[in-house]
2 protein chains.
Amino acid sequence: MKRARVTLADVAALAKVDRAVVSRVVNNDPALSIRPETRERVLAAVAQLGYRPNAAARSLRTARAHMFGLFLPDFANPVYAEIIKGAEAAAAGLGCVLVTGSSTGAGLGGYMDLLGQGRIDGLLLAGAEGESELLAQLDRMAVPWLMLNRRSPAVKRYVILDDERAARLAVEHLVGLGHRRIAHLAGPEGADTALRRSAGWRAAMRDAGLPEGPIVAAGYTPAGGAAAMAALLAAPEPPTAVFVANVASAIGAMESVREAGLDIPRDVSMVAVHDLDLASYLAPPLTTVRMPLAELGRRGVELLGSLKPDDSVAEVLDGPIELIARRSTAPPVSGGPGG
Amino acid sequence: MKRARVTLADVAALAKVDRAVVSRVVNNDPALSIRPETRERVLAAVAQLGYRPNAAARSLRTARAHMFGLFLPDFANPVYAEIIKGAEAAAAGLGCVLVTGSSTGAGLGGYMDLLGQGRIDGLLLAGAEGESELLAQLDRMAVPWLMLNRRSPAVKRYVILDDERAARLAVEHLVGLGHRRIAHLAGPEGADTALRRSAGWRAAMRDAGLPEGPIVAAGYTPAGGAAAMAALLAAPEPPTAVFVANVASAIGAMESVREAGLDIPRDVSMVAVHDLDLASYLAPPLTTVRMPLAELGRRGVELLGSLKPDDSVAEVLDGPIELIARRSTAPPVSGGPGG
DNA sequence: TCCTCATGATCAATCGGTTGAGCCTGCACA
DNA sequence: TGTGCAGGCTCAACCGATTGATCATGAGGA
């Protein structure tokens, strides 16, 4: 399928017009009017030759790459898949492509250098870690960027989900079922999302007039969840329900419950944040809080495309957050677990 | 962090040399020698101004984008996360960036058009579906491409994993444990990987002198796996072991086993292809076959970078394939399930 | 008949690097 | 003293599209 490179000049020659005309037709340039029959001739030539503009030349001239980037720490995490979906759709709506890359591994630093100047119109960063090095890199690039679902004193542009509201929803569900001893398996200490979810749990407990139950840092990993849950179950008066900061640690926590010879939800109810497909395949299917992740990606791209160079943004995404009740939550059996 | 655009000319002016010299220093051009002290001066100027070459200009002139693309159908599938990892590393080794995008959704077609000419040096396609439309698009692009782990009559360049060997390994493990009635939950009918895995199962059964057990198409989804497994268990003489084409359908299959009141591995042993993290968190942890997925991504980029325009490639990746034994497989209880 | 003006098309500079060709300079050799 | 040659730089064309400035044409008005 060898196909010679077709340029503007080829199209212009075939249509017997100047290259400028072709360019204006192709871009629907409103500044200059083109006679309809000329336009037809040009479009016919474009179609006949299969002309497609050279992106590099266009970018060079216009200083716009028509490309946004989204960097994330871990492609294996399905949370990001949702975000990517929304961001891609939004980019396509702006006539741009979204490219994703991982912000870890061989070093985001070198990777960003490769991106060079003029290759990307804006960068979305999701769940970034290794902040100082990362931010230094970003400053060296003349590229606008934005953090997704992460605040930080050093960051002036971010969009976050309402993790606090999500946490309240989870806790209110448990309270509604009759639970009073509701523990919390928190995310990594210091992680922004983790802090917000913990704050929501605390607020909801207070609002319900319940004593703040035990809170244990579990990280965002199965191993962390397993250890934290084991610790909770070993306490003299274990909780009848747990609000877990994410699904990964909930998986570990479920394992600990099983290993203790207890049953979910009979002995312990469990809710976690983010309604991943995975949640419905666990045993038992896990009750979760669904967050507007795709919306987060969409909004991120939208902002990147419209912000002025020095604008700052601090937005809490106002999307639907809902509790997806599955079989991991049920009213407490009086007497609690261990009985 | 406003920072004026720095160009070659700025660096040249500061270092008091021609732009050509700067270019040659920056690119380590071997064709022309530069005096060491001149080189020093240039590098100092580059550092002082924070110069970084404009990617668009360079691409325009050299007709190389230093960028490879990897398109995949589903970011939520952890199989691809591994492939991405390998591909990114290989690209970095070639001084290129890897960008990924999804091949489904709003339409790969429009998306590829956006990529335009000259933005990508080569494309890797993983698990592509919607073949005819896709291939038509690709033909319209003057971009070399390669399929990962998928053969097709219409495709002249691909690298595949040795799925057949993986399947044999799985079956041999079950045979080694003493199983004789080994069923197979196959992938989607017509899918290339599914066919190869089924072929491997068949060959291994034959080699072991066993009658070919029942085979049911289960797709690559939990729902498909659940349905297929339920069907198998309803048979008069159910299998004591199942080789499942992938982890997703194994998850569904496990659920069906549970719902039938049976136990894994006591009543049914189960092995699936691809050693995802997830596998070790299932209940019970799932025995899997680990395939060199990162290697596949790595090799794909490597080939893209080195192939001549009309070369074709049909390569079976020769990487390590190993069985990861977990708790979902055990010797059969004599008498089989249902007893 | 001449001038004005809108319309529709062309000209040519420009974006920022890359690279083959050509130009100095000084040294070696006859 | 003249020639040859190589090392080290500079010149300038070029990649392909965009876009402000300019030009040609014909219609409408005085």
- Counting side-chain heavy atoms from C-beta on, which of C:dT10, D:dA17, C:dG16 comes nearest to A:Tyr51? D:dA17
- Phosphate OP1/OP2 of D:dT18 contacted by A:Ser23 side-chain N/O (<4.0 Å): yes
- Task: Sugar-phosphate atoms are those with a prime plus P, OP1 and OP2; base atoms are the rest. Using that split, label each nucleotide of nucleotides 20-26 of chain D B, S or - for protein heavy atoms under 4.0 Å, 5' to 3'.
- Result: B------
- Query: Is the phosphate of C:dT10, meaning OP1 or OP2, less than 4.0 Å from a side-chain N or O of A:Arg19?
  - Reply: no
- Message: Rounded to whole Å, how long is the line connecting atom CZ of B:Arg35 with atom C1' of D:dA6?
- Response: 14 Å
- Message: If you define the side chain from C-beta out and look only at heavy atoms, does anything of B:Ile84 sit under 4.5 Å from B:Leu70?
- Response: yes
- Query: Rounded to the nearest Å, what distance is computed from the CG atom of residue A:Leu60 to the P atom of nucleotide D:dC15?
  - Reply: 14 Å
- Item | Nearest-neighbour nucleotide for the B:Arg61 side chain, C:dT7, C:dT14, C:dT19 considered | C:dT19
- Message: Between B:Thr193 and B:Tyr220, do the side chains contain a donor N or O and an acceptor N or O under 3.5 Å apart?
- Response: yes
- Item | Residue from B:Asp163, B:Val79, B:Leu125, B:Val159 passing side chain to side chain contact (heavy atoms under 4.5 Å, CB included) with B:Asn149 | B:Asp163
- Note on the structure: Here the distance between atom C1' of D:dC15 and atom CG of B:Leu8, to the nearest Å, is 15 Å
- Message: With a sphere of 6.0 Å drawn around CG of A:Asn27, does it hold more than 12 non-hydrogen atoms of other residues, nucleotides or ligands?
- Response: yes
- Query: OP1, OP2 of D:dT18 versus side-chain N and O of A:Thr62: anything below 4.0 Å?
  - Reply: no
- Specify the separation, in whole Å, of atom CG of A:Asn28 and atom C1' of D:dT18. 15 Å
- Note on the structure: Whole-Å distance, A:Arg64 CZ to D:dT19 C1', equals 16 Å
- Report yes if a side-chain nitrogen or oxygen of B:Ser59 is closer than 4.0 Å to either non-bridging phosphate oxygen (OP1 or OP2) of D:dC15; otherwise report no. no
- All heavy atoms of A:Arg41 vs all of A:Ala15, minimum pair found to be NE-O, 2.9 Å
- Item | Distance in angstrom units between B:Asp10 CG and C:dG17 P, rounded | 8 Å
- Using whole Å, report how far CG of A:Asp18 lies from C1' of D:dG16. 14 Å
- Between D:dG7 (P) and B:Glu37 (CD): distance, integer Å: 16 Å
- Message: salt bridge (charged side-chain N to carboxylate O under 4.0 Å, His left out), that's the test. Do A:Asp192 and A:Arg150 meet it? Break it down for me.
- Response: CA-CA 6 Å; A:Asp192 181 49; A:Arg150 175 146 183 268; over 6 Å; no
- Task: Would you mind telling me which residue lines up with the more 5' stretch of DNA chain C, B:Asp29 or A:Thr38, judged by nearest nucleotide?
- Result: A:Thr38
- Query: With a 4.5 Å heavy-atom cut-off, do A:Arg119 and B:His66 have their side chains touching?
  - Reply: yes
- Task: Compare the minimum distances between each of D:dG16, C:dT7, D:dA17 and the side chain of A:Arg58, then state the nucleotide with the smallest one.
- Result: D:dA17
- Base, sugar-phosphate, or nothing: which does A:Val22 touch, judged by heavy atoms less than 4.0 Å apart? nothing
- Task: Ignoring the backbone of B:Asn27, work out which of C:dC11, C:dT18, D:dC11 is nearest its side chain.
- Result: C:dT18
- Task: Mind listing the closest non-hydrogen atom pair of A:Asp74 and A:Tyr80 along with its distance?
- Result: O-CD1, 3.3 Å
